[in-house]
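Here the structure is laid out as structure tokens; the discussion comes afterwards.
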Number of protein chains: 2
Amino acid sequence: MIQWILIMVPAVGALALVYALIRSGWIIKQDPGEKEMVEISRHIREGAMAFLVREYRVLSLFVVVVAILLILSNSGILRLVALSFITGALASALAGFIGMRVATAANVRTTQAAKTSLAKALVIAFSGGSVMGLSVVGLGLLGLGSLFWAYVRYLGSDPVTIQQTVLPILSGFSLGASSIALFARVGGGIYTKAADVGADLVGKVEAGIPEDDPRNPAVIADNVGDNVGDVAGMGADLFESYVGSIIGAMVLGATVSVGGGFSGGFVMLPLVLAAVGILVSLVAVFMVRGSEKIKPQTALNISEYGAAILMIILSWFIITRVLPSGTFDSGRMAGLSASGVFIATLFGILAGTLIGLITEYFTSDSKSPAKRVADAASSGSATNIISGLSMGMKSTALPIIVLAGTIMMAYHFAGLYGIAVAALGMLTTIGVQLSVDAFGPIADNAGGIAEMAGLKKSVRKRTDALDAVGNTTAAIGKGFAVGSAALTALALFNAYKTTAGIDQIDLTEPRIMAGLLIGGMLPFLFTSLAMQAVGDAAFSMITEVRRQFREIKGLMAGEAKADFKRCVDISTKAAIRKMVLPGLLAVGVPVLVGFYDPYMLAGVLAGTTVTGVLMAIFMANAGGVWDNAKKYIENGHLGGKGGDAHKASVVGDTVGDPFKDTAGPSLNILIKLMSVVSLVIAPIIT
Amino acid sequence: MIQWILIMVPAVGALALVYALIRSGWIIKQDPGEKEMVEISRHIREGAMAFLVREYRVLSLFVVVVAILLILSNSGILRLVALSFITGALASALAGFIGMRVATAANVRTTQAAKTSLAKALVIAFSGGSVMGLSVVGLGLLGLGSLFWAYVRYLGSDPVTIQQTVLPILSGFSLGASSIALFARVGGGIYTKAADVGADLVGKVEAGIPEDDPRNPAVIADNVGDNVGDVAGMGADLFESYVGSIIGAMVLGATVSVGGGFSGGFVMLPLVLAAVGILVSLVAVFMVRGSEKIKPQTALNISEYGAAILMIILSWFIITRVLPSGTFDSGRMAGLSASGVFIATLFGILAGTLIGLITEYFTSDSKSPAKRVADAASSGSATNIISGLSMGMKSTALPIIVLAGTIMMAYHFAGLYGIAVAALGMLTTIGVQLSVDAFGPIADNAGGIAEMAGLKKSVRKRTDALDAVGNTTAAIGKGFAVGSAALTALALFNAYKTTAGIDQIDLTEPRIMAGLLIGGMLPFLFTSLAMQAVGDAAFSMITEVRRQFREIKGLMAGEAKADFKRCVDISTKAAIRKMVLPGLLAVGVPVLVGFYDPYMLAGVLAGTTVTGVLMAIFMANAGGVWDNAKKYIENGHLGGKGGDAHKASVVGDTVGDPFKDTAGPSLNILIKLMSVVSLVIAPIIT
């Protein structure tokens, strides 16, 4: 059976890519609309591609340097890690590239379809998202599956080789994926928020022109930002989560002991679950059919929840068949059984959903937190900021309790392996989740193009309707992202401990405590660098937009054209330059500390995981609540648009932008990247 | 010698109180000025006393309930803990009360003296501060010393009794001090910031009248706030730090092993160092003489640095004489010597000073961080907020590295005992430090009275000059507060581990990891509650001030009087009501978790310490940098007062107020209070 699985896994990955290819061909064939729309869409695409090319150029340099360092090391394992690392980095970059190509083609076609039909527009936008979603999982499983197959075939499939050679080498794939993801998230996040802040503060607030108005010089940069941040950045992010959770579970699977020995089933299970998850995602994606009778939200819900339920049912059969039927030991837990692993998976899915619902409560514009923040806006910007910060901090409490409970339950039912599998459980149907997530920025862009091309209001109304759906599903997606990040980081942390041969990490040892403090500080420093980068870039953008309004005569009257390119250029340069330091910090610190003292590194990882998860939840939700407090006011409450409360709420929303779209999501990657780096260097620092 | 020390310690405490009594008598004899000044000062004093009375009423209830719970417990030790607890709570409350009585007498007399002489005003304001400073240390040492003497006398002085009975019972004193401190800091912090925000936002920004203008209805509440927050709140805070660091070192001193046995010297050393510290502080306080030839800043510097240097020299002689001359073991470190303890003390003082200097760099209005935040204000409130948050986060990096290094060095030279002694080292001369700190709000109040009484500009100028001095020393004081809090929490955490009989706390155990996450979350939840309280109270205050400006005819023209009392009442009620929940959280969580699983509690304490220290530094420095960015602009840069950049900077400053004066300092207490609660319940949860 093992042989059969080894080949089936990459084959399913390839199948997902075939779907992506066919579907993107279909999208290209759709009508892109009249010349002006095509022109605008070309600007967006060119800006996005220009950024991606420059970003990848810098990242190639990084990948080459790291690969050379790995090859120069004296360790035979690390040389092969270099191969996995390059493959992982390439696959991640490719996923981002494909996602963005198709998103920048789907946006204008969605606009065109929205001229006549909401259902048609939904299908095009969702198809764009699904190409992204299935490319991510397809590349992930194809890359991971082929490498695993090749390593097992050429290095050996005996337990010792798998534990001590194959899996450490395979971790390099995750290292590649995580480092690209971190740079892409930070870079994309800086790009999109600098453009957004610039466009909003000068265009909307100072000049008083609407969102996406073609007179606004930053408007193209803003739409490019949606693609490089929300599509390419998010794609790389989820590619990393997916790969990280699979590898984390595989590595811990190798430490499971069955009757004192090793069982391949525990190592294979994550790959099998992932492969079946892709098949389920494919079915779910096909279920989204354009029909005027079904609301877009309902269509997406049926697809996403249907996939989750189908996956849960299938998981039971897979887990009980792939794992041995007797009992096993994992971590300090003994006498566990396959059904325990299934329960741990359920706890993972339950936790992700709960965290998502809590997220939705704390950020939705129809719930009391957003209303309270909006109320605070009525006494000024300062009280609005205080209230949003406070709400974001408060929103960490329940998710953390859910996470802590999940860790203990998953461990109780399936040991350390259970924690890793719980994380994986949240991500198996990520193919369809990501399709829904990537759908958002495509619809957003479609609306932007409608506005810039001066189309009828009914078109914008349809794209706005599309943009509004999937917000709840996006919140749940965020819950899964945070939850799986925390559990995966924990699984990788345990894998590090095992691989580094560390017996126990006593919290009261000063070096562990010192490590905990330093590790805890890193997310603060990292966030600071990311926020400052957005602040600086936004500052340049604001200055430039103000300059254009002042110096280009006839711009406000619509008689002269704005110089979009300069704004695109400012965002691009700032993002590329400022993504480097935070990225190097994440990679460099574990290496430095690890060579100094592997025990202290364990403290650092734990510290980073704790404050990283907290800061990620805090920043995402504070950003979300400010955003929706503003929307609440814009819907006519507290004086509505243009009133004093609205002005104050715009300040909150602007502060929230780098919180929720730059620093927050990057932290999820940071905690995993640091764990993966540690795991990779573990064999040589002990 | 032990007997002699046992009596000398409380005697020195009493001596400090005698000084405070004599000096406050002298202050009362000074001229309080004309009728109007006396009247204003009476309003402030009455407001402050009314708050204190109501606060203490609530706290009495809390103290009585906790004491009853302790007495009802089945443990003989906990019944005596109740006695220590009540004594500690009373001493803390008394210190706050004395400090505030004298501060509200010294303020108006400082104003009066400032009519003629800066030197005279300095002496009165500093005398007021020194009464506070020496009351705090005097009450601390008198209480702790007498209890220790009594317990040793009536319970026994053999090693086992001291380790297992006397010291656990004595910890109750710290529990009393810490819980009062937390309530006082949070309550005082909410009071002062609600009033401040209300007075600033409506008075200064909306109505455009100057600071401390008598037409502003919130002006008395604002001045009351300086007293209840910066004097009473800070006094209780430092009383807690002082007592906590002494007890932490005593408890760890009892675990030191000398040739396999116990040595009383390690338990007595903290008390002796504290007693000598008081004597040094008395000398230093006498050194501040009013002279027109010496600048106020220089006078304070000579006093404070002189005290520190004298104390370091004396420490060498004390440590080498009180400790046995051979080697000892502490924690996992063996073969340590008395000189190692001295080195650990030095590292503590060095770390505190370094953290203070870093704090000063990140917040001073003449350094680049404040200038950068000010620059960001020139593109609006949002970029100013982003920049300040980012600067605050960045400022955590170096202090955390210093702390981590200190922990490792102190441990290297003197084991776990070294960490406790390093914390104590920073606080031995707290008598004089606190005199300087309490001097600030007195000078601030004096300026407010000058303004409200309509005195000549030269008076206000002199009080402003006084207010400006001591800012650097205050920054260093903050460094000592954060540094000693972290080290003391660590020492108490280790004491908890020993007392609870926990062998090792392995980070990779799920219950520890879950505890770490929950503990890490608590400072976020706590901060959220404190910030929301300030936000809500400020909102009520803003509404009330706006109402008075609108409804009281002739108020702006100076023809009608504002209704100060309603504003005082709003702050008082909000502060009392909202201080309860955060306080109960700090006390309740360790009890709940501890009874569920003492190991998990260890994780919780470590998590709270890590994020608590980080958040404390972040919030203090973000608040500080916003404050000074505003001052920098007010000094004529970037358009100066009234310009757009200034308006944006006021928003930052307002957000920073609850950061630096409510949540930030409370976190220092939170981490220690939770450790002390755990230490006290340790004997009964295992």
Side-chain angles (χ1 to χ4, degrees), chain A residues 197 201 376 379-383 385-387 389-391 393-394 396-397 400-401 403-404 407-408 411 419 490 493-494 497 504-514 516-518 520-521 524-525 527-528 531-532 534-535 538-539 542 602-603 606-607 610-611 613-614 618 651 654-655 658, chain B residues 197 201 332 376 379-383 385-387 389-391 393-394 396-397 400-401 403-404 407-408 411 419 490 493-494 497 504-508 510-514 516-518 520-521 524-525 527-528 531-532 534-535 538-539 542 602-603 606-607 610-611 613-614 618 651 654-655 658:
Chain A
V197 169
L201 279 191
S379 55
S381 312
T383 41
I385 297 286
I386 292 176
S387 182
L389 288 171
S390 152
M391 207 54 87
M393 288 179 186
K394 190 191 275 176
T396 60
I400 288 292
I401 290 170
L403 267 180
I407 289 168
M408 292 179 71
Y411 184 75
I419 294 177
L490 223 63
F493 173 55
N494 273 294
K497 183 195 164 198
Q504 52 147 308
I505 309 163
D506 191 341
L507 250 182
T508 52
E509 263 192 74
R511 58 180 171 171
I512 304 293
M513 202 65 212
L516 211 56
L517 280 168
I518 291 174
M521 171 269 284
F524 282 77
L525 182 56
T527 301
S528 164
M531 301 250 303
Q532 192 67 53
V534 172
F539 182 78
I542 288 170
V610 171
T611 59
V613 170
L614 278 159
F618 155 53
V651 172
T654 310
V655 173
Chain B
V197 169
L201 279 191
R332 291 180 187 79
S379 53
S381 311
T383 40
I385 297 287
I386 292 175
S387 181
L389 288 171
S390 152
M391 208 54 89
M393 289 180 186
K394 191 191 274 177
T396 60
I400 288 292
I401 290 170
L403 268 179
I407 289 168
M408 292 179 72
Y411 183 74
I419 295 177
L490 223 62
F493 174 55
N494 274 293
K497 183 194 165 198
Q504 51 147 308
I505 309 164
D506 190 339
L507 249 184
T508 53
R511 58 179 170 172
I512 304 294
M513 203 64 212
L516 211 57
L517 279 168
I518 291 174
M521 172 269 285
F524 281 78
L525 182 57
T527 301
S528 163
M531 300 251 301
Q532 193 67 51
V534 173
F539 182 78
I542 288 170
V610 170
T611 59
V613 170
L614 277 160
F618 156 53
V651 172
T654 309
V655 173

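Just so it is clear, the structure is predicted and the values come from calculations on it, not from any experiment. Residue numbers start from 1 in every chain, and the chains themselves are labelled A, B, ... in the order their sequence lines are given, proteins ahead of strands.
Summarising the geometry, atom OG belonging to B:Ser387 is positioned 4.5 Å from atom CD belonging to A:Gln532; distances are rounded to the nearest 0.5 Å. Interatomic distance, B:Leu614 CG to A:Phe524 CZ, rounded to the nearest 0.5 Å: 4.5 Å. Atom-to-atom distance recorded for B:Met408:CE and A:Arg511:CZ is 8.0 Å, nearest 0.5 angstrom. Taking OG1 from B:Thr654 and CD1 from A:Ile386, the interatomic distance works out to 7.0 Å, rounded to the nearest 0.5 Å. Atom CD1 of A:Ile505 and atom CD1 of B:Ile512 lie 11.5 Å apart (nearest 0.5 Å).
Shown here for A:Met513 and B:Phe493, the closest heavy-atom pair between the two residues is SD-CE2, 4.5 Å. Annotation for A:Leu507 and B:Ala606: closest pair CD1-CB, 3.7 Å, computed over non-hydrogen atoms. The two residues B:Ala382 and A:Val655 make their nearest non-hydrogen contact at O-CG2, 3.8 Å.
Each of B:Gly535, B:Pro510, B:Ala376 has some count of heavy-atom pairs under 4.5 Å with chain A, and the biggest count is that of B:Pro510. Contact tally against chain B (heavy-atom pairs below 4.5 Å) for A:Gly607, A:Pro658, A:Ala514: the top residue is A:Ala514. Here B:Val651 is the residue among B:Thr527, B:Val651, B:Val534 with the most heavy-atom pairs under 4.5 Å with chain A.
B:Lys497 touches chain A through its side chain: at least one heavy atom from C-beta onward sits under 4.5 Å away, while N, CA, C and O do not. With a threshold of 4.5 angstrom between heavy atoms, B:Ile542 approaches chain A through side-chain atoms but not through N, CA, C or O.
Listed by chain and residue number, B:Thr383 satisfy the side chain to side chain donor-acceptor pair (under 3.5 Å) test with B:Ser379 (two or more places apart in sequence, or in another chain). Residues satisfying the side chain to side chain donor-acceptor pair (under 3.5 Å) test with B:Ser381, not counting sequence neighbours, are none.
With contacts defined as side-chain heavy-atom distances shorter than 4.5 Å, the pair A:Met521/B:Val610 does not qualify. Side-chain atoms of A:Lys394 and B:Leu525, non-hydrogen and from C-beta on, do get closer than 4.5 Å to each other. A 4.5 Å side-chain heavy-atom check between B:Leu517 and A:Ile407 finds at least one atom pair inside the cut-off.
Listed for the A:Asp506 side chain is no donor-acceptor partner under 3.5 Å among the backbone atoms of B:Gln504. For B:Ser528 (side chain) and A:Ser390 (main-chain N/O), a donor-acceptor pair under 3.5 Å exists by modelled atom type.
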Do B:Thr508 and A:Leu490 pass the side chain to side chain contact (heavy atoms under 4.5 Å, CB included) test, and can you show the C-alpha distance, the side-chain angles, and the key distance before you say yes or no? CA-CA 8 Å; B:Thr508 53; A:Leu490 223 63; over 6 Å; no
